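Have a look at the structure below, then the notes.
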2 protein chains.
Amino acid sequence: MPEKKPTPARRSDALSKVRIVQAAIEMLDEGGTDALTFRTLAAHLSTGAGALYHHVGNRDDLLAAAAKAVMESVLESSSENEATEQGVRGVMMGVFDMITTRPWVATQLAGAPWQPAVMHLFDRIGTELDVRGVPENAQFDAASVLMYHALGAASQRDAGRQLAATVTDRAAFLDSTRSAVTDTGDYPFLTRIASQFAEHDDREQFQAGVDIILAGIDRG
Amino acid sequence: MPEKKPTPARRSDALSKVRIVQAAIEMLDEGGTDALTFRTLAAHLSTGAGALYHHVGNRDDLLAAAAKAVMESVLESSSENEATEQGVRGVMMGVFDMITTRPWVATQLAGAPWQPAVMHLFDRIGTELDVRGVPENAQFDAASVLMYHALGAASQRDAGRQLAATVTDRAAFLDSTRSAVTDTGDYPFLTRIASQFAEHDDREQFQAGVDIILAGIDRG
DNA sequence: ACCTGAACACCGTTCAAGT
DNA sequence: ACCTGAACACCGTTCAAGT
């Protein structure tokens with residue numbers, strides 16, 4: 001009788017979509033969207049660039065698959081983890097935190113919103129709204145606002161990261177913007193709330209936005 | 001007495017930032033973001049690609065300038081035109097309509113949200129909220145939600161355009177997505193509201209979102 | 001079937017050379 | 001100072017050739 005080798009740890013050399021996506025996520029986490037090229041990714045996997053096309057349609061396809069994988073893990077954990085908040089609010093904050101941790105997802109979500117990752121989130125938001133008791137005929141509009149809020153925050157977040165490289169201080173940036181655009185007058189609102197702007201916390205502000213939207217939904 | 005030639009129509013040959021931005025906007029309107037390369041733009045202006053760098057920092061700078069110019073004209077017209085709605089609602093719908101007309105602006109706004117075009121819009125929203133009577137300490141959060149809503153819609157809109165090239169029917173796309181992702185279960189919410197999804201009007205939905213947010217703000 | 005890696009058709013950006 | 005356009009250092013994608 002031949003002995004059964006316990007999980008032979010068989011050489012994970014063979015290329016596959018999941019392996020490629022996994023490697024892509026690692027590179028994206030490390031260096032952002034720009035750091036992921038088919039050449040560097042191929043080198044990372046010890047193969048040729050052309051080989052990737054046997055498992056992945058193209059670059060957009062790969063990025064969408066990476067975002068989908070990450071989104072799924074976030075939506076899972078927010079429904080399982082006891083510590084995190086439940087409901088729509090929990091889902092929204094879970095997405096926000098993911099975007100903060102992995103800014104490249106923000107670019108990806110905002111750049112191609114009909115991709116699986118976004119549809120997945122949209123469906124989850126709608127489901128949570130149903131549980132919340134939002135009337136069926138109001139669910140679509142309600143889910144859309146929340147979706148837009150998440151996408152808007154996503155694009156804002158990623159840009160902040162790019163900005164951080166050149167300008168460390170928000171207030172300094174505001175000043176530079178203000179002085180740079182004197183041709184069309186100044187920014188009265190921004191000037192007035194400059195202090196709030198400097199002190200504000202992105203996460204709290206996002207959550208305040210979610211609460212405003214929920215209040216508007218519940219009033220309906 | 002030397003005759004005054006009426007507007008000598010002097011050869012507008014000299015390169016300048018405004019001339020470059022203007023030409024860029026034309027090309028963007030015609031073929032979207034991808035259609036704008038420094039080579040084609042230079043050819044369009046009958047000059048060399050390198051010449052552009054004497055007036056424009058780089059490609060991002062050019063796109064930001066184009067978006068800013070377009071945004072300014074929108075914010076002007078929405079405050080002057082008697083026919084269009086006034087207030088925050090008017091500003092929001094004006095932006096939505098611009099994005100519909102020029103999808104490339106959507107990509108630009110969502111891709112680099114701290115640019116002048118966005119700050120301009122943000123300031124305008126805040127100003128309108130003040131006029132509306134929103135308490136000062138609530139204005140920043142309120143302006144942010146509306147801003148995110150606009151940015152989220154922007155990214156969604158542009159992607160829709162790209163999608164239209166391959167998939168004409170929304171419902172068909174939904175079906176394809178649903179069947180393609182059977183590994184994680186189906187999309188219960190999307191399935192349930194599929195009919196609303198097929199019939200809905202993007203503009204009305206965006207406006208419904210604005211109204212939900214405004215209701216949430218006014219409740220505060 | 002899967003992989004290789006050179007080749008193709010592009011980019012944005014730079015820079016010596018001209019005017 | 002402004003412009004030219006070839007050159008540089010990259011891309012994503014394709015494809016003949018190998019196994």
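Just so it is clear: chains get the letters A, B, ... in the order the sequence lines come, proteins before strands, and each one is counted from 1. From a predicted model like this one, the values you see are computed outputs, not experimental measurements.
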For the pair made of [atom1] in [X] and [atom2] in [N], what is the distance, rounded to whole Å?
| X | N | atom1 | atom2 | answer |
| --- | --- | --- | --- | --- |
| A/His54 | D/dT14 | NE2 | P | 11 Å |
| B/Leu52 | C/dC15 | CG | C1' | 15 Å |
| A/Asn58 | D/dT13 | CG | C1' | 9 Å |

Among C/dT13, D/dC3, D/dT14, the one nearest A/Tyr53 by side-chain distance | D/dT14
Set out, line by line, the N/O atom pairs under 3.5 Å between protein and nucleotides 6-11 of chain D.
| from | atom 1 | to | atom 2 | distance (Å) |
| --- | --- | --- | --- | --- |
| D/dC11 | N4 | A/Arg39 | NH2 | 3.4 |

Step-by-step side chain to side chain contact (heavy atoms under 4.5 Å, CB included) determination, B/His44 to B/Met27 | CA-CA 9 Å; B/His44 207 262; B/Met27 294 186 64; 4.1 Å; yes
Test item: A/Thr40 side-chain N/O and A/Leu36 main-chain N/O as donor-acceptor pair under 3.5 Å | no
Using modelled atom types only, decide if a donor and an acceptor are shared between the side chain of B/Asp141 and the backbone of A/Gln205 within a distance under 3.5 Å.
-> no
Indicate the ring-plane relationship of B/Phe206 and A/Tyr148, choosing parallel, tilted or perpendicular according to the 30° and 60° boundaries.
-> tilted
Tell me, do A/Asp61 and A/Lys17 make a side-chain contact under 4.5 Å, heavy atoms counted?
-> yes
Check whether any side-chain heavy atom of A/Thr100 lies under 4.5 Å from a side-chain heavy atom of A/Arg203, and answer yes or no.
-> no
Are A/Gln115 and A/Gln108 close enough that a side-chain donor and a side-chain acceptor fall under 3.5 Å?
-> yes
Should B/His55 be listed as having a side-chain N or O under 4.0 Å from OP1 or OP2 of D/dC2?
-> no
Any ring pair (Phe, Tyr, Trp, His ring centres under 6.0 Å) pairs touching residues 52-74 of chain B, not counting sequence neighbours?
-> B/Phe38-B/Tyr53
Consecutive Watson-Crick or G-U pairs in runs of at least 3, all under 3.5 Å, in which DNA chain C is involved = C:4-8 with D:12-16, C:12-16 with D:4-8
